[in-house]
Amino acid sequence: MTVSELTWPEEQQRVGRIVAIIESRLDALEGQAGGLKEDILHIRKTFWDDVTVNTEDDTELAETFASMKQQAEILSERERGHRHAMNQLKALARLRQIPYFGRIDFREEREGDAERYYIGTSSLLDDSGLQFLIYDWRAPVSSLYYDYGPGAAQYTTPGGEIQGEMELKRQFIIRAGTIRSLFDTGVTIGDELLQEVLGKQSDAQMKSIVATIQREQNRIIRNEKARLLVVQGAAGSGKTSAALQRVAYLLYRYRETLRADQIVLFSPNPMFNSYISTVLPELGEENMQQTTFQQYMEHRLGRMFRIEDPFEQMEYTLTAMNEPGYEARTEAIRYKASADFLRLLDRYAASLLKQGIRFKNIVFRDEVLISADRLRDKFYELDAISSIPNRMQALAEWLLKELTALAKLERRKPWVEEEIELLDKDDYIQAFEKLQKKKRFSDNTFDDFAREHEQLAFMVVQEQFKPLRTQVKRLAFLDAPGVYRQLFEEPAFAAALAEGEPLPARWEEIGVQTVERLDRGELANEDAAPFMNVLERLEGFQTNTSVRHVFVDEAQDYSAFQFAMLRRLFPQARMTVLGDSNQAIYAHAAVQSGFAALSRLFKEEETEQFILTRSYRSTREIVEFTRGLVEGGEAIELFNRPGPKPTVTAAADSSQLVEAIVERIGRMQAEGHRSIAVICKTLEESKEAYDALQTRLPIKRVGTETSSFEQGTVVIPAYLAKGVEFDGVVLYDASRSRYGRESERKLFYTACTRAMHELHIGYIGESCGFLQEADPATYVRE
């Protein structure tokens, strides 16, 4: 919609006034912050000069503590003031560059005139502190900007619904205090603003999308009712961006009761954490806790096993097709992620109530103090009605008493005498002081020597038994790996537990593979969550009740076990899960969707689901090509941002392919693209490509150990590129020899959908079937 010539100068004058106010407040705040910093430094430097220290008696000591407390409170107050001033400075600095991006004129029902609301990344009050010059995008009234066009409109406040009419909806592109673009628009955020934002080159970090939030994204961001919020969306539909804005909204909406450390995001890999790390600080909020499921597994089980990470498993499934046992392993990956296996473990756990739990010998100085058989017998003598974890705790208490009795017997053994002779002077003094406290010394009698020796023996044995007691408290006498191993040792045992439900055809081979890994102290990725399930049934479930919100990205890659574990771990938390079934690239996804696993964890009335079908990341031409690669791709809506069609280039050999790629990257760099990815199928192929390209151009290789995302030209495996976007993408080798299996279709799709502006695909010899099936009108052969 056009804007009159008179409107632009009027709006620019307002921008000028706002920027002048912001600059004035920045000057005042900088002075205030500087003064507070000087106060803090002075107080720290002279802290003890201003504290009266006197410890002569209890009264003087109390006065000393009071003086110290007063001085510490003064320091703490100055530090709080300084932090608040610095946060305000950061918010104002952001507003100085882009004061706001939207304006709505809204007239409430039964009110005379419409009121103007200017919307930006944070709020700004006038000098009286009573009128808003700019409204924070998260304020209730700001939802009108995202949800409605001119006409009847309403928004929700804590006090109820406010109805009325929107008379104007205006969008701005303001940079450095100057309006660069100004237009009135309808229901959605105008394409002109989206074109301006999406047409830019990508950065090393994801950026905030508050100026371009779409109506469907706004519903996700502001949802406060659902305990489970499921967001399924096409590649580039803004799922992750909406989730991060949701975190910012929740921290604003519940700022009195919710802290950033009460929100946890499970992301696909550590590099992705780096990629999104600036979004919340850009909005003036602290980052939530960020981790990966693998990091959580390492935290819980790292002492017991070397745990295979999901990328090692991915490399195996993509490269080991000709190795012995491959079919059994891939069958195990699928089965161990399924609801069928979860039911099998349920029955196994029920059987353990009566028999089958394995224990370890309690060993001291290479001698068995308490045998595993005795522990097993004692465990099953305990109240059968009690749960296994409760009985484990009762067994631990019994064990501690047994160790106390055994320690008394141990004091008389020859090794104790030898240890006493090796004690130093301090140990003797310690024994003497303890006996004095017990008032067990007389005046240098023979009995005193005997008691001293007794005390020393007690100290020696206590010190030696301390690790045993610690292990007992940690339930280290439980052989959890042995209990899990038992399930795979005899095929007939698992078959009986299955109660007619079919086991995998290669179950016997699966059992052999599993047992061999466990015996090596290794835990396959597909075994990590099931093993944790068994461990928690034995020891008790760990919970974290302080976390209020859990976000899970790439949810299509999670199994039934993983989601059940997160639900148990965070029982008080609401969950927001995001994913795309077309990017389900792990082997287990063939039988168990992450979204399907959620249905049993929450009540139906607690769940809301959103489906985002419009792709914003890529140009129209790239989306037209990529949506033809997957089943149901026609449902993906295009955003009308034009660009060149994807190219497909055939090469006779690897050297010709490298030449074509080097030339293509040079062209993209010349066009100003700052972020370019050469995407390979596997880590091994990435190494090959890097070795071939590094002598020809500046390039970095991204591997599973890479923890931060950087701009430039990179070589990266497709599975590590999930969730990240690049100005230009070169798919290294899309030949039939590389992508020859139907199971690799979604990996191919994922790689192609990383491109924002340009997509180029090369191959050697014969192209893969996915390219052969693609509509020739959607790409250009070169």
Side-chain angles (χ1 to χ4, degrees), residues 293 297 300-301 304-305 307-308 310 313 325 327-358 380 387-389 391-392 478-519 522-541 557-569 586-601:
F293 195 86
M297 287 288 99
R300 290 293 306 274
L301 303 177
M304 301 171 68
F305 300 103
I307 307 172
E308 178 189 47
Q313 185 197 76
E327 294 298 330
R329 173 79 194 276
T330 53
E331 195 173 8
I333 291 170
R334 292 189 292 270
Y335 180 70
K336 289 177 180 178
S338 70
D340 289 344
F341 189 47
L342 182 56
R343 286 193 294 274
L344 185 72
L345 288 189
D346 287 340
R347 298 186 193 107
Y348 183 38
S351 75
L352 293 175
L353 287 165
K354 298 179 181 178
Q355 62 180 358
I357 296 180
R358 294 184 175 182
Y380 284 110
S387 68
I388 290 176
R391 280 192 267 176
M392 283 294 169
L478 169 65
D479 183 10
V483 176
Y484 188 68
R485 185 184 192 278
Q486 183 173 240
L487 186 60
F488 301 93
E489 289 174 342
E490 294 294 335
F493 177 60
L497 286 172
E499 295 181 359
E501 289 190 357
L503 291 171
R506 295 177 177 83
W507 178 257
E508 186 171 351
E509 190 176 354
I510 289 169
V512 171
Q513 290 180 354
T514 305
V515 168
E516 286 178 351
R517 281 193 298 267
L518 291 170
D519 288 347
E522 298 174 1
L523 199 62
N525 183 261
E526 64 269 21
D527 282 306
F531 175 80
M532 180 66 79
N533 182 283
V534 171
L535 181 67
E536 291 188 324
R537 291 171 188 266
L538 298 173
E539 295 185 349
F541 296 106
D557 295 332
Y558 280 65
S559 70
F561 285 94
Q562 290 171 316
F563 271 121
M565 188 182 304
L566 292 180
R567 181 71 170 129
R568 288 193 303 269
L569 179 61
Y586 290 94
H588 67 257
V591 294
Q592 178 62 57
S593 162
F595 294 113
L598 286 167
S599 60
R600 298 183 303 174
L601 301 178

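If you read the sequence from its start, that first residue is 1, and numbering goes on from there.
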Taking all non-hydrogen atoms of both residues, which atom of [X] and which atom of [Y] are closest, and how far apart?
| X | Y | result |
| --- | --- | --- |
| F531 | M304 | CZ-CE, 3.6 Å |
| L478 | E539 | CD2-CG, 3.9 Å |
| R517 | D527 | NH2-OD2, 3.7 Å |
| L518 | F305 | CD2-CE2, 3.8 Å |
| L344 | A494 | CD1-O, 3.8 Å |

[X] side-chain N/O to [Y] backbone N/O, donor-acceptor pair under 3.5 Å:
| X | Y | value |
| --- | --- | --- |
| H588 | A332 | no |
| Q486 | G356 | yes |
| R568 | N533 | no |
| E331 | A505 | yes |
| E536 | F541 | no |
| R537 | A349 | no |
| Q513 | I510 | no |
| Y335 | W507 | no |

query = Is R358 paired with E489 through a side-chain N to carboxylate O contact shorter than 4.0 Å?
reply = yes
*asked:* What I want to find out is whether R485 reaches D479 closely enough, with some N-O distance under 4.0 Å, to be called a salt bridge.
replied: no
To the nearest 0.5 Å, tell me how far [X] [atom1] sits from [Y] [atom2].
| X | Y | atom1 | atom2 | value |
| --- | --- | --- | --- | --- |
| L487 | L352 | CG | CG | 9.0 Å |
| M532 | L569 | CE | CG | 9.0 Å |
| L345 | Y484 | CG | OH | 6.5 Å |
| K336 | S559 | NZ | OG | 12.5 Å |
| F561 | L566 | CZ | CG | 13.5 Å |
| E516 | E522 | CD | CD | 10.5 Å |

Item to check | More than 12 heavy atoms of other groups within 6.0 Å of E490 CD | outcome: no
Q: For I333 and Y586, run side-chain contact (heavy atoms from CB on, under 4.5 Å): C-alpha distance rounded to whole Å, both residues' side-chain angles, the deciding distance at 0.1 Å, then the answer.
A: CA-CA 9 Å; I333 291 170; Y586 290 94; over 6 Å; no
Measure the shortest side-chain to side-chain distance between R391 and L353 over non-hydrogen atoms and say whether it is less than 4.5 angstrom. yes
- Task: Answer whether the closest heavy-atom distance between the side chains of M297 and M565 falls below 4.5 Å.
- Result: yes
Aromatic ring pairing Y558/F563, orientation class (parallel under 30°, perpendicular over 60°, tilted between): tilted
Working note: R334 + D340, criterion salt bridge (Lys or Arg N to Asp or Glu O under 4.0 Å); need CA distance, chi angles, decisive distance, verdict. CA-CA 10 Å; R334 292 189 292 270; D340 289 344; over 6 Å; no
Exactly one candidate in E509, R506, Q313 meets side chain to side chain contact (heavy atoms under 4.5 Å, CB included) with R329; the answer is Q313
Steps toward ring pair (Phe, Tyr, Trp, His ring centres under 6.0 Å) verdict (F493, Y348):
CA-CA 10 Å; F493 177 60; Y348 183 38; 5.7 Å; yes
